[in-house]
Amino acid sequence: MTAGADGAGETSHWLGNRLDLTDIAGLLLDITVPRFGDGGAVFVLERLVAGHTESGGQLVVRRLGNRFRGPDGELGQVVMPPGELLAFLPASHYGQCLSGAGPQRFDAMDTTVMDRIQPGARQMLARHSSFLAVPLAAHGTVAGLLVVSRTGGAAPFTDADVTTIADLAARAGASVADADEFARRRRDGEALRRGLTPAALPVPDHVEVACRSTPAPGHLVGGDWWDLISLSGGRTGLLVGDVMGHGPAAAMLLAQLRAAAHTLADLDLEPAEVLRQLDRSAAALTDGACATCVYAVVDPAEGACTMSLAGHLSPVLALPDGRTHVPPLPAGMPVGLGAGTFGQARIKLPPGAVLALYTDGLVESRTWSFTRGVLALRSAISGEHGDLAGTCDALIDSLRHHEDDVTVLLARIPSGCPG
């Protein structure tokens, strides 16, 4: 059994765009068994998968996959399930490999390792008399290891074998590092996204509300925010904002502005006063936050809505008879620029009419002006409206240009609402 030099090239080609650890392990085993050995297994440090660290001085790893050639020559997995956790002592062959000592050749499995695996696996490994453990490393950091073994009838691993297989593992290690970084960013983004999602949103009295918000392509979190605030007299505050930029930095500014905006709106201030105070708060942030914002207060008892803009696109109003229009509102400057004053306007919001608040990602792109986009939005939202959540989905599916964060919030005073 000899190692082929073409294996390294295949690994580089196959693994170059893989960002899933299980896929990487499977492809690596496809190359190594049976070409280089009668058995193989891929392990990754558990801290990369779930953030765990060493346990009691031992190195905790997760088995991503294994493959062995049985007595009949058929390849398959023995009783060593993928995903199983193991702890290796630093002094073991596996532990030394994981600790940076480089490839390890040995002729018998460590007793502690054999004691920790299931009987069927021990029986299989008892047929193997030559083992090689090589690190999966990238940028000088070991992320896991590849173990290849041969049965008693095969030649032991030579120096040339070690060089070739270690090169395979190094190439796979770069993919493991990329997958780990991608997974870490995804975990961080998901945690940040969950932290930015309004929790325990109130169910407004006599106002139906639905919202959808999606980040720009390639980002797990964006710079858009929205919120609902229950106010006295059965009124409901609606907030939609858009921080400049994307990603975690924009999301952190978003979190600060959203918290400030919610607190100000909860004081039951007039919409224009909420934006004036938010402008002062944003200007005081050390990172120089700048955001557009629209704040609307819906009053079902009066069948009306009071709105104020801070550099934001005006909402669209879709009437029950199919007509749509953009209410004339004072434009205002984005918050964070120290504008000082903002205007507001009160409009009629008859039962059954739908008020659409949104960010520019819904109606504008590099090749699509916001004027054209707003006309498309008005056309899409005119006519009969059923479930508002379904309407939100339909608007994003039909209008989104996949270049920016998108948020759309729809509100309606249902027909028959007591005035």
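For the numbers below, each heavy atom of this structure counts, side chains included, while hydrogens, waters and symmetry mates do not.
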Could you tell me which non-hydrogen atom of [X] sits nearest to which non-hydrogen atom of [Y], and how far apart they are?
X      : Y      : answer
Val33  : Gly40  : CG2-N, 3.6 Å
Gly237 : Tyr295 : CA-CE1, 3.8 Å
Ala210 : Ala389 : CB-N, 3.5 Å
Ser314 : Leu309 : OG-CD1, 3.3 Å
Pro351 : Ser415 : CB-CA, 3.8 Å

Kindly say whether [Y] contributes a backbone atom to a donor-acceptor pair with the side chain of [X] at under 3.5 angstrom?
X      : Y      : value
Arg122 : Ile117 : yes
Ser99  : Gly95  : yes
Arg62  : Gly83  : yes
Thr163 : Asp159 : yes
Asp224 : Asp242 : no
Thr306 : Val297 : no
Thr164 : Asp161 : no

Residue set satisfying side-chain contact (heavy atoms from CB on, under 4.5 Å) with Val162, at least two apart, ordered chain then number -> Pro103, Arg105, Leu132

Flag the pair Asp299 and Arg235 as a salt bridge only when some basic side-chain nitrogen lies within less than 4.0 angstrom of an acidic carboxylate oxygen.
-> no

State plainly whether the residues Asp30 and Arg35 are in salt-bridge range, i.e. N to O under 4.0 Å.
-> no

Would you list the pairs meeting salt bridge (charged side-chain N to carboxylate O under 4.0 Å, His left out) in which at least one residue belongs to residues 343-372, sequence neighbours left out?
-> Arg366-Glu403

With sequence neighbours excluded, tell me which residues meet ring pair (Phe, Tyr, Trp, His ring centres under 6.0 Å) with [X].
X      : answer
His312 : none
His128 : Phe68
Tyr94  : Phe43, Phe88

Compare all side-chain heavy atoms of [X] with those of [Y] and state whether any distance is below 4.5 angstrom.
X      : Y      : value
Leu357 : Val408 : no
Arg258 : Asp227 : yes
Leu239 : Trp226 : no
Asp167 : Arg171 : yes
Phe342 : Asp279 : yes
Ile413 : Glu302 : no
Leu85  : Val61  : no
His93  : Phe131 : no

Walk me through it: do Gln344 and Glu270 pass the test side-chain contact (heavy atoms from CB on, under 4.5 Å)?
-> CA-CA 9 Å; Gln344 66 182 41; Glu270 287 290 326; 2.8 Å; yes

What residues, two or more places apart in sequence or in another chain, satisfy salt bridge (Lys or Arg N to Asp or Glu O under 4.0 Å) together with Asp266?
-> none

Residues forming a salt bridge (Lys or Arg N to Asp or Glu O under 4.0 Å) with Asp387, sequence neighbours excluded | none

Applying side chain to side chain donor-acceptor pair (under 3.5 Å), name anything that partners [X], two or more places apart in sequence or on another chain.
X      : answer
Glu273 : Arg276, Gln277
Thr214 : Arg400
Gln96  : none
Ser213 : Thr407

Mind checking the [atom1]-[atom2] spacing from [X] to [Y]? Nearest 0.5 Å is all I need.
X      : Y      : atom1 : atom2 : result
Cys97  : Phe106 : SG    : CZ    : 8.5 Å
Glu84  : Leu64  : CD    : CG    : 12.5 Å
Leu349 : Cys305 : CG    : SG    : 6.0 Å
Thr236 : Ile229 : OG1   : CD1   : 9.0 Å
Leu28  : Asp23  : CG    : CG    : 12.5 Å
Leu410 : Arg412 : CG    : CZ    : 9.0 Å

NZ or CZ of Arg150 within 45° of Phe157 ring axis and under 6.0 Å = yes

Throw together a table of side-chain donor-acceptor distances under 3.5 angstrom for residues 315-331, partners on residues two or more places apart or in other chains.
residue, atom, partner, partner atom, Å
Asp321, OD1, Arg323, N, 3.0
Asp321, OD1, Arg323, NE, 3.3
Asp321, OD2, Arg323, NE, 2.7
Asp321, OD2, Arg323, NH2, 2.9
Thr324, OG1, Arg378, NE, 3.0

Judged by modelled atom types alone, do Asp268 and Ser232 share a side-chain donor-acceptor pair under 3.5 Å?
-> yes

Dump the intermediate steps for side-chain contact (heavy atoms from CB on, under 4.5 Å) on Ile381 and Val354, then the final yes or no.
-> CA-CA 8 Å; Ile381 203 174; Val354 174; 4.0 Å; yes

Which of these, Val42, Leu45, Ile24, Leu98, sits in a side chain to side chain contact (heavy atoms under 4.5 Å, CB included) with Leu136?
-> Val42

Intermediate values then yes/no, side-chain contact (heavy atoms from CB on, under 4.5 Å), Tyr358 and Val240 = CA-CA 7 Å; Tyr358 54 93; Val240 169; over 6 Å; no

